[in-house]
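Inspection log for the structure reproduced underneath, given as structure tokens.
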Amino acid sequence: MLYLAEGLRLPTNGLDYTILGIYFVVVLGIGFAARKSVKTSLDFFLSGRSLPAWITGLAFVAANLGATEILGMAANGAQYGVYTVHWYWIGAIPAMVFLGLVMMPFYYGSKVRSVPEFLLHRFGPSSHLLSSVIFAVSAVLIAGVNLYALAIVLEALLGWPEWVAIVVAGFFVLAYITLGGLSSAIYTEVLQFFVILAALIPLTVLGLKRVGGWDGLSDKLTDSQGASFVTAWEGTGIGSDNPLGANWLTIVLGLGFVMSFGYWTTNFAEVQRALSAKNASAARRTPLIAAFPKILIPAVVVIPGLTALVMEPDLGKPGSGLDYNHAIPVLMRDLLPNGVLGIAVTGLIAAFMAGMAANISSFNTVFTNDIWRAYLKKGKPDEHYVATARWVTVIGVLIGMGTAFIASTFENIMNYLQTLFSFFNVPLFVVFIIGMFWKKTTPAAGFWGLLSGTVAAMINYFWFYQQGVIEIPSDQGANFVSSIVAFVVGGVVMVAVTFVTKPKPVESLAGLVYGTVSPGLAEPPAEGDDAWYRKPALLGWGAIVLAALCYIPFSF
């Protein structure tokens, strides 16, 4: 168990607690207000598919901008340097654009309530049940990461033991999600997005001012860590050494393709926000709108991690009592005056709530619809499933409290999170991508591809890497390799099984496979959706170009 160093206790006062209290009241108010709109299971799980694109787009990015993102990517910045921007510009934007332009018409047009339900239509019950169980497990594990991240902050703020912070915070999230379902989560996430920025921007500005601006930060890091630490690509040649422990090939293929696409295109905690949009056009634009703020997030997450390493050189060193996860709390302690400190603490708590709420709301949807309704309790009244979802929310939060203690054993929680993605999301992506583009892919191929990819990633990580059978310089490098292994093994198994098993009739694949008619593409745009600035292609390619341009200052 990791305990926060006594020296990180934040100098909070009544003003800070007042700001925090106001935030809690507002969030619970949103939960009570949203409860009035929950009349059916569709309302509870997908907000009645009624939300505009700008709401779902902000919720999409806020759901990802959780405490794990903020503390974890700041930790990555302190540990790996500017290489961390790869998680954004190559490890997020292309996949978000692909989701919006290519996959959302099929998700939304098929009117599924979850990502596993799409596999039910495409492959059948075996792949559906396996993917539902895998997703449910990963959702509560990731929720635990968010709980642990918040425990770090509350321990610094109040001096509470981690287990007390985990229990209290978990029950608070439980209250507002149980009340208002997905609507409560989404509207709260929109509020949280702006609260998070209000917390991180002052931290970034004051941190840069303290170390002499970007030039001063760059010079100090070059002196202490080497010139490559403040570049994105230097030292990534095959056989070269760099802090990330990865080369350009594993970055592009492992992170930029299989891990990134595996996460963004199949992670229901994100896709659920787009499925709640009011029409197919709004659903497509949801991840594309989210891509633009996502491009700029490194400025307020990675830079504070770099700044923390300069201001606290012992960060991450054995015996210092400070690991990389403490980068943000260190800056809060050293830089922020009271009042602003209250906003920062509120922002981190908001980030935790956004991340955990996304995973818990997706967990209750998948368990209730894809396991309980589909296999255990069929044909019950709609009210039964709403009540079940509320109880499942309680169970999910309680399990998340337990898995938070697993996350506490990792020095860098982002390493742990990326490990989970390589295990669960990448195998799911290979099943989706092959099944969506190859009509002949059979139901048996979907099941065995998903199972074999998951097992292969775990074997690579736990045996080949952790047991030292092969030498990989870092946890993140191992995660990139695990992702490639999962993708290749799952893909090979799917192709092999397809040739020896029977495919589904082509007429049953309408709207599920390319080359068939997709209801999502056929739906006419709503009034105003055909405006030039709302064109999905323009938004998507604009995000790709902007992300590529952001690399230029860090490439030399």
Side-chain angles (χ1 to χ4, degrees), residues 27 31 44-47 56 59-72 113-116 131-151 166 169-178 180-186 188-189 192-193 196 262-276 290 348-371 389-407 413-414 416-421 423-425 428:
V27 168
F44 189 88
F45 297 126
L46 290 178
S47 302
T56 55
F60 189 100
V61 71
N64 178 254
L65 190 59
T68 53
E69 171 84 1
I70 293 172
L71 295 185
R113 296 191 179 200
S114 69
V115 168
S131 65
S132 299
V133 171
I134 287 175
F135 181 82
V137 171
S138 66
V140 292
L141 286 172
I142 296 170
V145 180
N146 281 280
L147 266 176
Y148 170 62
L150 179 67
I166 287 170
F171 276 111
F172 187 83
V173 171
L174 172 65
Y176 82 84
I177 295 184
T178 304
L182 185 64
S183 292
S184 177
I186 285 180
T188 302
E189 284 162 0
Q192 288 163 340
F193 176 74
I196 291 166
Y263 174 79
W264 290 102
T265 65
T266 65
N267 182 24
F268 184 50
E270 302 291 338
V271 174
Q272 188 178 24
R273 273 77 193 141
L275 290 178
S276 68
L348 282 185
I349 291 178
F352 145 77
M353 291 169 58
M356 185 176 183
N359 283 284
I360 293 299
S361 61
S362 58
F363 169 77
N364 66 35
T365 301
V366 167
F367 187 90
T368 304
N369 283 319
D370 297 289
I371 298 177
R390 288 195 163 107
W391 280 109
V392 169
T393 302
V394 175
I395 295 170
V397 170
L398 293 175
I399 296 174
M401 291 177 185
T403 61
F405 295 98
I406 300 175
I413 55 177
M414 189 52 66
Y416 172 54
L417 203 60
Q418 297 290 326
T419 301
L420 296 180
F421 293 158
F423 289 172
F424 301 125
N425 292 92
L428 193 58

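Only this structure's heavy atoms are used, side chains among them; waters, hydrogens and symmetry mates stay out. Nothing fancy with the numbering, it's 1 onward along the sequence. Everything numeric here is computed off the predicted structure, so don't read it as measured data.
Counting heavy atoms from C-beta on, the side chains of Phe424 and Leu141 come closer than 4.5 Å. For the pair Ile70 and Leu65, the minimum side-chain heavy-atom distance is below 4.5 Å. Residues Trp264 and Asn64 form a side-chain contact, since some pair of their non-hydrogen atoms from C-beta on lies under 4.5 Å apart. Two residues are said to be in side-chain contact when any heavy atoms from C-beta on lie closer than 4.5 Å; Ser138 and Asn425 fail this criterion. Thr393 places a side-chain heavy atom less than 4.5 Å from the side chain of Ile360. A heavy-atom distance below 4.5 Å is not found between the side chains of Asn369 and Ser114.
Considering OG of Ser361 and CZ of Arg273, their distance stands at 4.0 Å, rounded to 0.5 Å. With values rounded to the nearest 0.5 angstrom, Gln272 atom CD is found 11.5 Å from Phe60 atom CZ. Note that CG of Leu275 is 11.5 Å distant from OG of Ser362, once rounded to the nearest 0.5 Å. Here the straight-line distance linking atom CD1 of Ile395 with atom CZ of Arg390 works out to 14.5 Å at 0.5 Å rounding.
The heavy-atom pair separating Phe363 from Gly396 by the smallest distance is CE2-CA, 3.5 Å. Between Val271 and Thr265 the shortest heavy-atom distance is CG2-O, 4.0 Å. The two residues Ser131 and Leu428 have their closest heavy-atom pair at CB-CD1, 3.9 Å. Here the closest heavy-atom approach between residue Ser132 and residue Val366 is recorded as O-CG1, 3.8 Å. The shortest non-hydrogen separation linking Asn359 to Ala139 is CB-O, 3.6 Å.
Taking the six-membered ring for Trp and thresholds of 30 and 60 degrees, Phe268 and Phe135 have ring planes more than 60 degrees apart, a perpendicular arrangement.
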Taking distance alone, no hydrogens or angles, what donor-acceptor pairs closer than 3.5 Å link side-chain atoms of residues 397-405 to residues at least two apart or in another chain?
| from | atom 1 | to | atom 2 | distance (Å) |
| --- | --- | --- | --- | --- |
| Thr403 | OG1 | Val140 | O | 2.8 |
| Thr403 | OG1 | Gly400 | O | 3.0 |

